[in-house]
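Both backbone and side-chain heavy atoms feed into the values below; hydrogens, waters and symmetry mates do not.
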Amino acid sequence: MKLLSTSQLAKKKAMDSKDLFIELHKKGWIYKKDNKWELTKDGRIAGGETKYTPKYGEYIVWPYNLDLEQTIDSKELLNATKIGEYFNISNRRVNLYLSEIGWQNKELDGWSATSGGINNGGHQMESQNGVPYVLWNESILSNKHLVRTIKIGEGEEEINNNSEKELNGNSELDFRLKLKAEKRTSDGHYVRSRAELLIDNFFYNNGIVHAYEKKLNIDEDMYCDFYLPQNKIYVEFWGMENDEKYKERKKRKLELYSKHNFTLVELVDADLENLDEKLQTKLRKVGLVIH
């Protein structure tokens with residue numbers, strides 16, 4: 001999104017710069033400290049950010065389409081501690097779950113919201129000492145993707161309510177139920193094919209934390225073959241290219257990976273001949289280097 005300085009924004013809105021500063025101050029989005037304008041928490045929620053250039057130093061920028069009529073109240077937003085109190089877990093675990101579903105990333109001293117997090121009600125904030133953190137809309141407490149992730153992570157049994165009618169179509173779950181997971185990997189997972197066994201063993205032997213057949217945190221019913229949570233990488237093995245229904249399923253999955261901007265590594269039969277080298281190369285291209 002294009003960001004404008006307060007003066008540039010005033011010009012776009014056909015306002016005097018001084019009047020816009022006064023308006024932003026009245027709304028509680030900025031305040032003056034040591035003869036310099038600073039952002040408040042509500043100002044950041046409204047869309048304000050700070051920018052630094054050698055020429056002008058640090059200054060405030062705003063979305064070009066900033067809505068001056070919106071009402072902001074940061075007191076209605078929730079931090080990880082408040083979310084943890086609701087689910088009866090620690091704020092540390094809340095942050096890890098939010099990271100697992102791809103809504104925030106760990107920084108050196110805090111957390112930054114991803115585009116997916118912002119789309120799900122996240123607001124990027126920064127403490128007075130510069131540590132980034134994220135506040136969330138109250139709706140996150142009932143977000144089915146977060147609730148599901150927490151339930152699984154806390155060991156609660158997940159109930160499958162799919163009806164027989166729902167399973168007898170071309171659904172992702174129906175496809176997977178037709179192939180039994182009977183091959184045991186080195187780390188105890190049961191997978192559905194020799195290819196998946198080799199891939200799982202590769203992750204295990206290289207000390208890469210991985211999940212098998214993880215449901216993606218999207219509204220569509222979709223499972224990946226493997227998920228690497230530390231790097232937020234999805235891995236798919238395409239092994240039934242001669243099956244028309246499988247090809248349709250593959251096409252749809254690729255559309256969803258692209259739509260949600262997920263990082264995807266794809267493997268095919270030919271890669272199995274030299275899997276260690278091929279998979280290392282593909283992972284390196286998306287930022288995961290294996291030593």
Roughly how far, to the nearest 0.5 Å, is CG of L288 from OG1 of T263? 11.0 Å
Shared ILVMFWY cluster between Y86 and I140, side chains joined below 4.5 angstrom? yes
With a 6.0 Å cut-off (strictly less than), is the heavy-atom count around CD of E85, excluding the residue itself, greater than 12? yes
Using side chain to side chain contact (heavy atoms under 4.5 Å, CB included), reason through L77 and W136 one step at a time and then give a plain yes or no. CA-CA 5 Å; L77 300 179; W136 301 90; over 6 Å; no
Check for a donor-acceptor pair, side chain of N205 on one end and backbone N or O of N201 on the other, with a separation under 3.5 Å. yes
Is any side-chain heavy atom of I30 less than 4.5 Å from a side-chain heavy atom of L39? yes
Apply the ring-ring contact (aromatic ring centres under 6.0 Å, His included) test between F21 and each candidate in Y31, W29, W37; give the one that qualifies. W37
Minimum heavy-atom distance Y204-S186, with the two atoms named: CD2-CB, 3.6 Å
To the closest 0.5 Å, what do you measure between CD1 (I101) and OG1 (T149)? 5.0 Å
Does E196 offer a backbone N or O that forms a donor-acceptor pair with the side chain of D200 under 3.5 Å? no
State, without any angle test, whether Y257 and E236 hold a side-chain donor-acceptor pair at a distance under 3.5 Å. yes
Will you find, in the side chains of H260 and N217, an N or O donor that is under 3.5 Å from an N or O acceptor? no
Residue pair E213 / Y223: nearest heavy atoms and the distance that separates them: O-CD2, 3.5 Å
Yes or no on side chain to side chain contact (heavy atoms under 4.5 Å, CB included) for E182 and R192, after CA distance, side-chain angles and deciding distance? CA-CA 6 Å; E182 297 179 326; R192 303 178 191 280; over 6 Å; no
Pair K26 + E23: basic N to acidic O under 4.0 Å: no
Can F226 and Y234 be said to form a ring pair (Phe, Tyr, Trp, His ring centres under 6.0 Å), step by step? CA-CA 6 Å; F226 295 95; Y234 298 86; over 10 Å; no
Would you mind reporting whether K259 and I218 have side-chain heavy atoms less than 4.5 Å apart? no
Side-chain donor/acceptor of S258 to backbone N/O of E255, under 3.5 Å: no
Is any side-chain N of the basic residue among K214 and E100 closer than 4.0 Å to the acidic one's carboxylate O? yes
I need the minimum non-hydrogen distance between V209 and P229, along with the two atoms involved. O-CD, 3.4 Å
So CG of L267 and CG of L275: to nearest 0.5 Å the spacing works out to 6.5 Å
Mind running side chain to side chain contact (heavy atoms under 4.5 Å, CB included) on L264 and V235 for me, showing each step along the way? CA-CA 6 Å; L264 174 64; V235 178; over 6 Å; no
Salt bridge check: are E273 and K278 linked by an N-O gap of less than 4.0 Å? no
Which atoms form the tightest heavy-atom contact between G239 and D269, and what is the distance? O-OD2, 4.1 Å
Closest non-hydrogen atom pair, V147 against L141: CG2-O, 3.6 Å
Nearest 0.5 Å, please: how far is CZ in F203 from OH in Y227? 12.5 Å
Donor-acceptor contact below 3.5 Å, side chain N206 vs main chain I208: no
Quick one, F262 and I233 - any side-chain contact, counting heavy atoms below 4.5 Å? no
Measuring from I83:CD1 to E138:CD, what's the distance to the nearest 0.5 Å? 10.5 Å
Can any side-chain N or O of Q124 pair as donor or acceptor with the backbone N or O of V134 at less than 3.5 Å? no
Distance-only polar pair, side chains of S112 and N105, donor-acceptor under 3.5 Å: no
If you measure only the distance, is there a donor-acceptor pair under 3.5 Å linking the side chains of T185 and D187? yes
Flag yes if more than 12 heavy atoms outside K82 fall under 6.0 Å of its NZ atom; otherwise flag no. no
Distance-only polar pair, side chains of K27 and T71, donor-acceptor under 3.5 Å: no
For L66, run the side chain to side chain contact (heavy atoms under 4.5 Å, CB included) check against L24, L4, V61 and tell me which one passes. L24
Could you walk me through whether R44 and E126 pass side chain to side chain contact (heavy atoms under 4.5 Å, CB included), step by step? CA-CA 9 Å; R44 289 188 180 277; E126 186 176 292; 3.8 Å; yes
So if you build clusters from Ile, Leu, Val, Met, Phe, Trp, Tyr with side-chain heavy-atom gaps below 4.5 Å, do L146 and I118 land together? no
Is M125 reachable from L98 through a run of hydrophobic residues whose side-chain heavy atoms are each under 4.5 Å from the next? no
Main chain of K36, side chain of D34: is a donor-acceptor contact present, judged purely on distance under 3.5 Å? no
Go through the steps for E277 and K282 under the test salt bridge (Lys or Arg N to Asp or Glu O under 4.0 Å), then give the verdict. CA-CA 9 Å; E277 181 179 334; K282 291 174 184 282; over 6 Å; no
Testing the 3.5 Å rule here: is there a donor-acceptor pair between the side chains of Y97 and E154? yes
Side-chain donor-acceptor contact under 3.5 Å, H145 with N120: no
Approximate separation, where rounding is to 0.5 Å, of K183 NZ and Y190 OH: 12.5 Å
I'd like to know if the side chain of D271 reaches the main chain of V268, judged simply by a donor and an acceptor atom lying under 3.5 Å from each other, with no hydrogens or angles considered. yes
Applying the 4.5 Å side-chain criterion to the ILVMFWY set and letting contacts propagate, would I45 and W103 be lumped into a single cluster? no
Counting only heavy atoms not in D67, do more than 12 fall under 6.0 Å of its CG? yes
Do F202 and V286 sit in one hydrophobic cluster, given that two such residues count as connected whenever their side-chain heavy atoms are within less than 4.5 Å of each other, even indirectly? yes
What are the two closest non-hydrogen atoms of P63 and G47, and how far apart are they? CD-O, 3.2 Å
Ion pair E248/K253, N-O distance below 4.0 Å: no
Is the backbone of T6 close enough, under 3.5 Å, to the side chain of K11 for a donor and an acceptor to pair up by distance? no
What do you reckon, is NZ of K32 surrounded by more than 12 foreign heavy atoms closer than 6.0 Å? yes
